[in-house]
Amino acid sequence: MKQNQWMSLLGLANRARKIISGEELSVKEIRSGKAKLILLSADASQNTTKKITDKCNSYEVPYKFVENRHLLGQAIGKEARVVVAVLDDGFAKKLVTLLD
């Protein structure tokens with residue numbers, strides 16, 4: 001049940017235009033301080049995972065892993081996505097509680 005909840009909430013955040021998907025765009029949002037939470041697929045490549053987690057750690061942005069890229073993409077109504085940055089505090093806090 002929780003899986004459906006976080007996916008629905010992420011879809012809502014997408015419709016509210018409070019997320020950015022894609023590795024480079026997410027890194028840009030982390031650097032600018034706009035990213036409140038990063039969702040990273042568990043099947044991302046080692047390089048991508050290291051790059052994103054290192055950036056998150058240095059800029060103190062929380063990150064969570066989701067099962068796979070297809071679920072992440074499906075949640076926002078797009079093709080498979082590896083990285084999604086949540087740009088809103090409210091959505092980020094709720095997603096953290098749902099993904100814990």
(request) Tell me yes or no: between the side chains of Asp43 and Ser41, is some donor less than 3.5 Å from an acceptor? (result) yes

(request) Report yes if the side chains of Phe65 and Thr49 come closer than 4.5 Å at any heavy-atom pair, otherwise no. (result) yes

(message) Nearest 0.5 Å, please: how far is CD1 in Ile20 from CG in Leu25?
(response) 6.0 Å

(request) Can you run down the side chain to side chain donor-acceptor pair (under 3.5 Å) pairs that involve residues 29-38, sequence neighbours left out, and say none if there aren't any? (result) none

(request) Hey, could you give me the CG/CG distance between Leu98 and Asn4, rounded to the nearest 0.5 Å? (result) 11.0 Å

(message) Measuring from atom CH2 of Trp6 to atom CG of Leu99, what distance do you get when rounded to the nearest 0.5 angstrom?
(response) 6.5 Å

(request) Would you sort out whether Leu40 and Val66 count as a side chain to side chain contact (heavy atoms under 4.5 Å, CB included), showing the intermediate values? (result) CA-CA 6 Å; Leu40 191 58; Val66 297; over 6 Å; no

(request) Drop me the distance from Asn47's CG to Ile52's CD1, to the nearest 0.5 angstrom. (result) 11.5 Å

(message) Can you confirm whether Ile38 sits close enough to Lys55 that some side-chain heavy atom of one is under 4.5 Å from a side-chain heavy atom of the other?
(response) no

May I have the list of side-chain donor-acceptor pairs in residues 70-89 shorter than 3.5 Å, sequence neighbours left out?
residue: Arg81; atom: NE; partner: Ser21; partner atom: OG; Å: 2.9
residue: Asp88; atom: OD2; partner: Gly90; partner atom: N; Å: 3.1
residue: Asp88; atom: OD2; partner: Phe91; partner atom: N; Å: 3.1

(request) Measure the CD-CG distance between Gln5 and Leu95 for me, rounded to the nearest 0.5 Å. (result) 11.0 Å

(request) Could you please spell out the steps behind the side chain to side chain contact (heavy atoms under 4.5 Å, CB included) verdict for Val61 and Leu37? (result) CA-CA 6 Å; Val61 176; Leu37 173 69; 5.7 Å; no

(message) Given 3.5 Å as the limit, does a donor-acceptor pair link the side chain of Thr48 with the main chain of Ala44, or not?
(response) no

(message) I'd like to know if the side chain of Asn57 and the backbone of Thr53 have a donor-acceptor N/O pair within less than 3.5 Å.
(response) yes

(message) Could you tell me if the side chain of Cys56 sits less than 4.5 Å from the side chain of Ile30, heavy atoms only?
(response) yes

(request) Step by step, work out the salt bridge (charged side-chain N to carboxylate O under 4.0 Å, His left out) result for Glu24 and Lys51. (result) CA-CA 10 Å; Glu24 294 307 318; Lys51 180 178 181 179; 2.8 Å; yes

(message) Quick check on Lys64: does its NZ atom have over 12 non-hydrogen neighbours (other residues, nucleotides or ligands) under 6.0 Å away?
(response) yes

